[in-house]
**Q** 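Take this structure first; my questions come after.
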Amino acid sequence: MNKINKFNLSKEKVVDFAKIEKKWQELWEKKKAFVVKEGKKRKCYVLEMFPYPSASGLHVGHAFNYIIGDIYARFKRMQGFNVLYPMGYDAFGLPAENAAIKAGEHPKKYTENAINNFVMQQKRLGLSYDWGRMIKTCDADYYKWNQYFFLKFFKKGLVYRKKSSVNWCPKCKSVLANEQVHNGKCWRHDDVDVEIKSLEQWFFRISNYAEELLQDVQKLDWPERIKIMQENWIGKSEGTEIFFEINSEKWAVFTTRPDTLFGVTFLVISAQHPRLMEIVKEENKKEVEEFLRKIKSTSEKDNINLEKEGVFSGSYAIHPLTKEKIPIWIGNFVVADYGSGMVMAVPAHDQRDFEFAKKYNLPIKLVVVPLDEKLSSNTLKEAYLGNGVMINSEEFNDLENVEAMEHITKALEMKKLGKKTVNYKLRDWLISRQRYWGTPIPIIYCEKCGIVPEKEDNLPIVLPEKVKFGEGNPLSTNEEFVNTKCPKCGRKAKRETDTMDTFVDSSWYFLRFCDSANSKVPFDKKKVDYWMPVDQYIGGAEHACMHLIYARFFCKALRDFGFVSVSEPFKRLFNQGMIHGEDGFVMSKSRGNVVNPSDMINKYSADSLRLFLVSMASPDKDTQWSTNGIESMHKFVTKIFEHCKKIKFGKSSKRFESKINKTIKELTNEIENFRYNIAIIKLRELFSEMEREEEIAKSDFGSFIKMLSLFCPHIAEELWCRIGSKNFVSLADWPVCDEKKIDEKFEEMDKNFEKAIEDINNILKIMKEKGKEIEKVYLYVLPKEIEGYNEKELAKRIGKEIKVFAVNDKKKYDPENKSGKAKPGKPGIYVE
RNA sequence: GCGGGGAUGCCGGAGUGGACAAACGGGAUGCGCUCAAGACGCAUUGGCUCAGUGCCUACGAAGGUUCGAAUCCUUCUCCCCGCACCA
């Protein structure tokens with residue numbers, strides 16, 4: 001067994017992929033093959049979502065992502081575009097800080113190590129980045145501009161501070177992200193309940209752009225499902241705002257069903273409503289407080305089917321039209337920051353209200369009834385949500401409820417008791433984090449002047465390196481950082497110790513790539529105007545509602561400030577699928593099914609890995625790793641290399657010319673649409689054809705190498721160089737299809753040829769079963785079809801001696817007159 | 001619950017009205033090469049039948065449209081993903 005393996009290994013060594021890869025990677029870098037500048041040429045900006053550099057290094061998912069992008073970038077470059085294809089690192093974030101707490105390694109060092117490791121591994125994949133533009137978001141050169149934009153936003157009121165309920169772990173002494181709360185417990189302390197704390201937080205007013213974000217998403221060339229996810233996330237709903245009088249003050253509620261206004265039997269205010277206590281009567285206070293305490297411990301959303309609960313506030317509202325007294329309840333199911341945080345409850349026509357009314361024995365009043373069915377408030381089993389005719393609604397009775405919506409809204413507007421409104425689910429973006437490893441928020445608190453923005457000239461506010469980890473936010477315990485002077489009055493003041501959400505970093509990094517070394521401004525507008533928008537963005541679908549909305553928001557806000565001219569950052573988006581482990585499960589350390597790209601490169605070469613990853617399935621689909629798959633792909637790559645080394649140049653046959661031009665045409669289209677798997681199949685087919693040819697034209701061979709170079713750039717460069725080409729194949733012109741050379745007759749010939757082989761084999765099989773030994777096969781072909789039947793090829797495929805005659809050949813050997821059986825496309829066969 | 005996407009041969013996965021028993025790859029089997037194994041080449045890989053033919057059964061299930069359906073329509077089952085009390 002050992003012997004065999006050793007032998008195999010030495011055989012594989014015939015092609016020294018490692019050497020070839022190193023050679024070309026170094027040459028690309030040395031000759032600045034992929035370095036770009038603005039110019040007159042048509043541009044194409046290809047970008048992959050930049051990674052968070054984790055210490056565990058690159059995994060195949062990353063590799064897959066970058067390979068998809070690299071193939072596209074190479075393709076566009078060869079097509080003559082000026083391709084901007086950069087790489088950077090989303091380097092701030094929690095894992096680095098947690099590592100610091102756990103292992104005592106400074107986040108900066110941790111991150112730098114991780115980045116170096118990423119770069120090294122990425123280079124080995126043969127990715128054609130313009131490395132000179134690299135960004136690390138943890139560099140002050142970068143995050144300075146986060147602070148700069150923050151100040152701009154602040155000036156224009158796009159940033160504000162407000163009290164908000166956040167997840168707080170008393171043991172970490174820090175706010176947690178929603179993702180860090182599991183079943184109401186802290187992710188690091190599973191015995192500690194997360195508290196909901198009301199804290200002053202910084203927000204970006206993304207809701208200002210809700211409508212535009214919604215409108216523009218439809219125009220994007222993005223996967224439909226991502227667009228739909230964003231639409232749902234923004235969640236526009238049109239309805240009516242209605243004012244109820246409470247303690248002689250007007251309180252608004254939002255409804256999409258103004259037609260049911262007469263069915264309102266109570267109001268429900270959110271338990272998290274900031275003005276809740278104003279409507280709680282003294283005698284109900286105790287009960288309410290107890291209720292609030294109770295829901296606090298179950299406040300996490302992890303409870304999927306939370307039982308609706310509530311308590312009476314003691315107050316009443318006055319119905320705007322009937323002037324009836326309506327009790328106000330406090331409920332756990334009303335969202336505080338949507339609409340006005342208070343709803344009008346119509347138990348007859350809303351399932352949630354219905355359940356609440358049943359539980360607390362509140363009246364149910366039908367106001368819309370279907371025509372074909374008799375309903376009664378007493379026997380109602382569930383809320384009636386359908387359309388129908390109005391009842392119990394004074395002058396609106398007998399109207400269709402759909403009409404009544406309009407009429408009631410108008411009536412309210414006349415009396416100034418309501419108005420048409422639009423509401424969005426999209427909330428303002430909470431950006432403050434009580435964490436160290438992020439961009440310091442450039443705000444100062446002065447006892448006299450209050451909240452004061454830092455002066456632009458004082459940027460960057462540098463993150464101090466010497467801090468203590470493990471006790472809440474390390475910034476707040478760093479005296480040197482915290483204590484400062486007020487930029488306005490010069491008195492003693494304190495710095496904001498919150499840092500920005502790292503999604504701020506990734507909201508504009510694609511702009512910085514256009515001018516990454518600029519130290520005067522975040523980027524030169526001219527350069528950004530040349531490169532933007534990103535023509536092709538590539539990344540996973542998990543960012544559908546976070547990064548992709550934030551970045552769109554930033555782009556629009558920066559447009560309004562005059563920094564950029566485009567309204568949308570990413571013109572076209574491609575979502576790659578997930579690569580699962582060989583066992584079908586998501587790759588994870590604990591499962592032990594993780595595949596490391598570098599190991600695969602060592603074992604099978606970068607070109608094999610690249611080719612394999614994009615050939616398994618359509619790149620947008622989830623797939624499974626397969627050892628067999630990459631092994632056979634490696635064999636294929638080796639075979640290509642070996643065959644191409646000894647190929648004979650001359651004149652291509654008409655047939656091969658037809659084939660290669662057809663392949664060029666199809667491949668171009670497949671690549672443009674990310675059907676790489678199909679492209680590879682076509683390339684394989686072309687290669688098989690090539691193997692059959694005695695000789696081919698050098699230019700046709702060149703075309704093949706060019707197409708191959710997208711997937712296997714290293715061996716392609718090597719082969720390209722060996723045929724005497726001076727420049728890089730990576731920078732060569734993409735082959736153009738010569739339509740005139742495509743001749744469908746060859747397809748027809750192939751089909752007939754394959755059919756004939758099938759027929760012969762069938763006959764041979766039958767003869768064998770009958771015990772007859774066959775040595776020779778004779779084929780009788782129509783004279784004009786004879787070029788389609790190559791004796792040598794036939795003999796190879798059948799494994800017998802074979803002779804091909806034209807049917808009109810006088811000298812043919814045909815003892816049983818089988819030539820008479822020959823038909824167009826179907827030769828006669830005789831065996832003996 | 002709402003929204004989106006799927007279900008294809010031993011497996012992965014193409015294919016969106018005829019040229020489909022269905023690309024391509026993997027696996028398996030057989031043959032060739034070889035002392036032998038690997039590698040390589042060729043063939044087979046739904047069933048029956050047969051000198052290259054013909055038939056049947058098949059693309060989640062059941063119906064329908066059509067001269068004709070894996071492909072279009074309807075209903076159902078199952079799987080995946082996203083959102084989740086948004087009034």
Side-chain angles (χ1 to χ4, degrees), chain A residues 1 3-8 11-12 14 223-229 231-233 235-237 239 253-257 260 268 270 301 303-308 331-346 349-353 355-356 423-427 541-542 544-545 578 584 612 615-618 621-624 626-633 635-636 638-639 642 675 677-678 680-682 684-685 688 691 747-748 751 755-770 772 774 795-799 816 818 821 826-831:
Chain A
M1 202 59 195
K3 250 185 193 165
I4 292 165
N5 281 338
K6 261 183 200 161
F7 194 74
N8 278 339
K11 176 122 201 228
E12 280 167 14
V14 169
E224 215 47 44
R225 74 189 188 105
I226 303 287
K227 298 211 282 190
I228 288 165
M229 276 163 82
E231 281 172 25
N232 293 342
W233 187 261
K236 178 178 184 173
S237 60
V253 301
F254 175 73
T255 180
T256 52
R257 291 289 305 273
T260 63
V268 189
S270 167
K301 286 184 190 164
N303 245 339
I304 295 168
N305 287 319
L306 201 64
E307 166 100 13
K308 283 163 200 55
N332 64 345
F333 66 98
V334 178
V335 178
D337 47 4
Y338 180 76
S340 60
M342 181 155 68
V343 298
M344 58 180 227
V346 187
H349 303 290
D350 182 287
Q351 188 56 29
R352 293 153 304 185
D353 300 345
E355 285 167 28
F356 197 83
N423 255 306
Y424 301 90
K425 282 192 210 171
L426 185 73
R427 309 293 152 77
E542 67 275 16
C545 290
M578 272 243 286
F612 170 65
S615 70
M616 297 189 286
S618 177
K621 293 233 166 101
D622 290 356
T623 40
Q624 263 179 54
S626 152
T627 303
N628 267 330
I630 188 158
E631 265 169 11
S632 57
M633 198 49 89
K635 279 181 204 164
F636 177 63
T638 311
K639 192 165 139 187
E642 290 298 332
R675 289 188 295 260
N677 54 330
I678 308 287
I680 289 164
I681 285 165
K682 297 203 161 140
R684 283 186 90 127
E685 281 170 357
S688 304
E691 278 186 299
E747 298 270 310
E748 193 63 35
K751 222 177 258 169
K755 186 77 179 122
I757 287 185
E758 215 173 277
D759 288 346
I760 296 165
N761 276 321
N762 204 356
I763 294 168
L764 290 177
K765 193 179 117 203
I766 292 158
M767 298 314 262
K768 199 177 170 188
E769 276 162 13
K770 290 191 173 168
K772 281 188 200 162
I774 299 300
K796 187 181 160 198
R797 296 281 295 272
I798 287 174
E816 285 188 17
K818 292 284 187 187
K821 275 199 145 190
K826 196 175 156 91
I829 300 164
Y830 174 68
V831 300

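From a predicted model like this one, the values you see are computed outputs, not experimental measurements. Convention: sequence-line order gives letters A, B, ...; per-chain numbering from 1.
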**Q** If we take the P atom in both B/rG64 and B/rU16, what is their distance in whole Å?
**A**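 Going atom to atom, P in each nucleotide, I get 26 Å.
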**Q** Identify whether any heavy atom of A/Lys639 sits under 4.0 Å from a base atom; if not, whether one sits that close to sugar-phosphate; answer base, sugar-phosphate or nothing.
**A**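 It contacts sugar-phosphate atoms only.
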**Q** Where the side chain of A/Asn628 is concerned, which of B/rA43, B/rA87, B/rG27 is the nearest nucleotide?
**A**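 Taking heavy atoms from C-beta onward, the closest nucleotide is B/rG27.
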**Q** Across all strands, who's sitting opposite B/rC83 as a Watson-Crick or G-U wobble pair, both distances under 3.5 Å?
**A**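 Its partner is B/rG1.
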**Q** Which nucleotide, if any, forms a Watson-Crick or G-U wobble pair with B/rA14, using both distances under 3.5 Å?
**A**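 Pair assignment: B/rA14 / none.
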**Q** Within the side chain of A/Asn762, is there an N or O that forms a donor-acceptor pair under 3.5 Å with the backbone of A/Glu758?
**A**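 Here the side-chain-to-backbone pair does not exist.
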**Q** Examine B/rU53: is either OP1 or OP2 under 4.0 Å from a nitrogen or oxygen in the side chain of A/Lys755? Give yes or no.
**A**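 Affirmative; the distance criterion is met.
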**Q** Using atom C1' in both nucleotides, what's the gap between B/rU65 and B/rC73 to the nearest angstrom?
**A**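 Those two atoms are separated by 7 Å.
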**Q** Given the structure, check if the side chain of A/Lys796 and the base of B/rC42 hold any donor-acceptor pair shorter than 3.5 Å.
**A**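 A donor-acceptor contact between them is absent.
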**Q** In whole angstrom, what separates A/Met633's CE from B/rC24's C1'?
**A**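 The distance from CE of A/Met633 to C1' of B/rC24 comes to 10 Å, rounded to the nearest Å.
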**Q** How would you label the contact of A/Arg675 with the nucleic acid (heavy atoms, under 4.0 Å): base, sugar-phosphate, or nothing?
**A**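 The answer is nothing, as A/Arg675 stays clear of every strand by at least 4.0 Å.
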**Q** Between B/rG54 and B/rA7, how far apart are the two P atoms, rounded to whole Å?
**A**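 To the nearest whole Å, 32 Å.
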**Q** Taking only side-chain N and O atoms of A/Thr623, does any of them lie within less than 4.0 angstrom of OP1 or OP2 on B/rG12?
**A**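 No, A/Thr623 has no side-chain N/O under 4.0 Å of OP1/OP2 on B/rG12.
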**Q** Atom CE of A/Met767 to atom P of B/rU53: distance rounded to whole Å?
**A**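 A/Met767 atom CE is separated from B/rU53 atom P by 16 Å.
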**Q** Distance between the C1' atoms of B/rC48 and B/rA21, in whole angstroms?
**A**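 Nearest-Å result for B/rC48 against B/rA21 at atom C1': 14 Å.
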**Q** Categorize A/Ser626 for me: base, sugar-phosphate, or nothing, with a 4.0 angstrom heavy-atom threshold over every strand shown.
**A**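 Since no nucleic acid heavy atom lies under 4.0 Å of A/Ser626, the category is nothing.
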**Q** Look at all strands and tell whether A/Ile766 reaches a base, only sugar-phosphate, or nothing, counting heavy atoms closer than 4.0 Å.
**A**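 Base, at least one base atom sits under 4.0 Å.
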**Q** Counting side-chain heavy atoms from CB outward, which of B/rA14, B/rA87, B/rA51 is closest to A/Lys621?
**A**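 Taking heavy atoms from C-beta onward, the closest nucleotide is B/rA14.
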**Q** Less than 4.5 Å apart, side chain to side chain, heavy atoms only: is that true for A/Val268 and A/Lys308?
**A**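 They are not in side-chain contact.
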**Q** Out of B/rU44, B/rC85, B/rC24, which has the shortest distance to the side chain of A/Glu685?
**A**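 Of the candidates, B/rC24 comes closest.
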**Q** Between B/rC11 and B/rG27, how far apart are the two C1' atoms, rounded to whole Å?
**A**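 Comparing C1' positions in B/rC11 and B/rG27 gives a spacing of 7 Å.
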**Q** Report which part of the nucleic acid A/Val334 touches: base, sugar-phosphate, or nothing (heavy-atom distance under 4.0 Å, all strands).
**A**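 Touches a base.
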**Q** NA contact type, A/Lys635, heavy-atom cut-off 4.0 Å: base, sugar-phosphate, or nothing?
**A**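 Sugar-phosphate, no base atom in range.
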**Q** Send over the distance from A/Lys751 NZ to B/rA23 C1', rounded to a whole Å.
**A**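 Between C1' of B/rA23 and NZ of A/Lys751: 12 Å.
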**Q** Mind calculating the distance between CD1 (A/Ile678) and P (B/rA14) to the nearest angstrom?
**A**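 A/Ile678 atom CD1 is separated from B/rA14 atom P by 7 Å.
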**Q** May I ask you to say what A/Asp353 touches in the nucleic acid, namely base, sugar-phosphate or nothing, with a heavy-atom cut-off under 4.0 Å?
**A**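 Touches nothing.
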**Q** Just to be sure I understand the rule, does A/Val831 reach a base, reach only the sugar-phosphate, or reach nothing, if contact means heavy atoms closer than 4.0 Å?
**A**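 Since a base atom lies under 4.0 Å of A/Val831, the category is base.
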**Q** Please report the distance separating the C1' of B/rC50 from the corresponding atom of B/rA14, rounded so that it comes out in whole Å.
**A**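 Straight-line distance between the two C1' atoms is 32 Å.
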**Q** Between B/rC76 and B/rC24, how far apart are the two P atoms, rounded to whole Å?
**A**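 38 Å, rounded to whole Å.
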**Q** To the side chain of A/Asn761, which of B/rA43, B/rA87, B/rC50 is closest?
**A**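 In terms of side-chain proximity for A/Asn761, the closest of B/rA43, B/rA87, B/rC50 is B/rA43.
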**Q** Partner of B/rU45 by Watson-Crick or G-U wobble geometry, both contacts under 3.5 Å, or none?
**A**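 B/rU45 is paired with B/rG27.
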**Q** Say you pick atom P in B/rG13 and the same atom in B/rG6; how far apart are they, in whole Å?
**A**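 It works out to 14 Å between them.
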**Q** A/Tyr830 side chain: which of B/rG82, B/rA51, B/rU53 is closest?
**A**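 In terms of side-chain proximity for A/Tyr830, the closest of B/rG82, B/rA51, B/rU53 is B/rA51.
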**Q** How would you label the contact of A/Ile228 with the nucleic acid (heavy atoms, under 4.0 Å): base, sugar-phosphate, or nothing?
**A**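 If one applies the 4.0 Å heavy-atom cut-off, A/Ile228 turns out to touch the sugar-phosphate alone, with no base involved.
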**Q** If you look at every strand shown and take non-hydrogen atoms under 4.0 Å, does A/Lys821 touch a base, only sugar-phosphate, or nothing?
**A**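 The answer is base, as A/Lys821 lies within the cut-off (heavy atoms under 4.0 Å) of a base atom.
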**Q** Look at the side-chain N and O atoms of A/Lys826 and state whether any lies under 4.0 Å from the OP1 or OP2 oxygen of B/rU53.
**A**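 Result: yes.
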**Q** Classify the nucleic acid contact of A/Glu224 as base, sugar-phosphate or nothing, counting any heavy atom under 4.0 Å across all strands shown.
**A**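 No contact.
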**Q** If we ignore hydrogens and angles and just use 3.5 Å, is the side chain of A/Asn332 paired with the main-chain N or O of A/Glu307 as donor and acceptor?
**A**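 The answer is yes, because a donor-acceptor pair under 3.5 Å joins these two groups.
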**Q** Which base, if any, makes a Watson-Crick or G-U wobble pair with B/rC76, both distances under 3.5 Å?
**A**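 In the structure as shown, B/rC76 has B/rG60 as its Watson-Crick or wobble partner.
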**Q** If you look at every strand shown and take non-hydrogen atoms under 4.0 Å, does A/Ser618 touch a base, only sugar-phosphate, or nothing?
**A**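 Sugar-phosphate, backbone atoms only, no base.
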**Q** Assign A/Pro223 to base, sugar-phosphate, or nothing according to its heavy-atom contacts below 4.0 angstrom with the strands shown.
**A**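 No contact.
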**Q** Go ahead and name the base partner of B/rG32; Watson-Crick or wobble counts if both distances stay under 3.5 Å, otherwise write none.
**A**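 Here B/rG32 is engaged in a pair, and the nucleotide opposite it is B/rC40.
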**Q** In whole angstrom, give the distance that lies between atom CG of A/Asn762 and atom P of B/rC48.
**A**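 Checked: the CG to P distance equals 14 Å.
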**Q** Taking only side-chain N and O atoms of A/Arg797, does any of them lie within less than 4.0 angstrom of OP1 or OP2 on B/rA43?
**A**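 The answer is yes; a side-chain N or O of A/Arg797 sits under 4.0 Å from OP1 or OP2.
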**Q** Provide the closest heavy-atom pair for A/Val334 versus A/Gly341 in the form atom of the first, atom of the second, distance.
**A**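 Smallest interatomic distance, heavy atoms only, reads CG1-O, 3.5 Å.
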**Q** Donor-acceptor check, side chain of A/Asn677 to backbone of A/Met616, threshold 3.5 angstrom: yes or no?
**A**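 No; zero donor-acceptor contacts below 3.5 Å.
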**Q** Choose from B/rA87, B/rU53, B/rA23 the nucleotide whose nearest atom is closest to any side-chain atom of A/Thr255.
**A**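 Nearest to the side chain of A/Thr255 among the choices is B/rA87.
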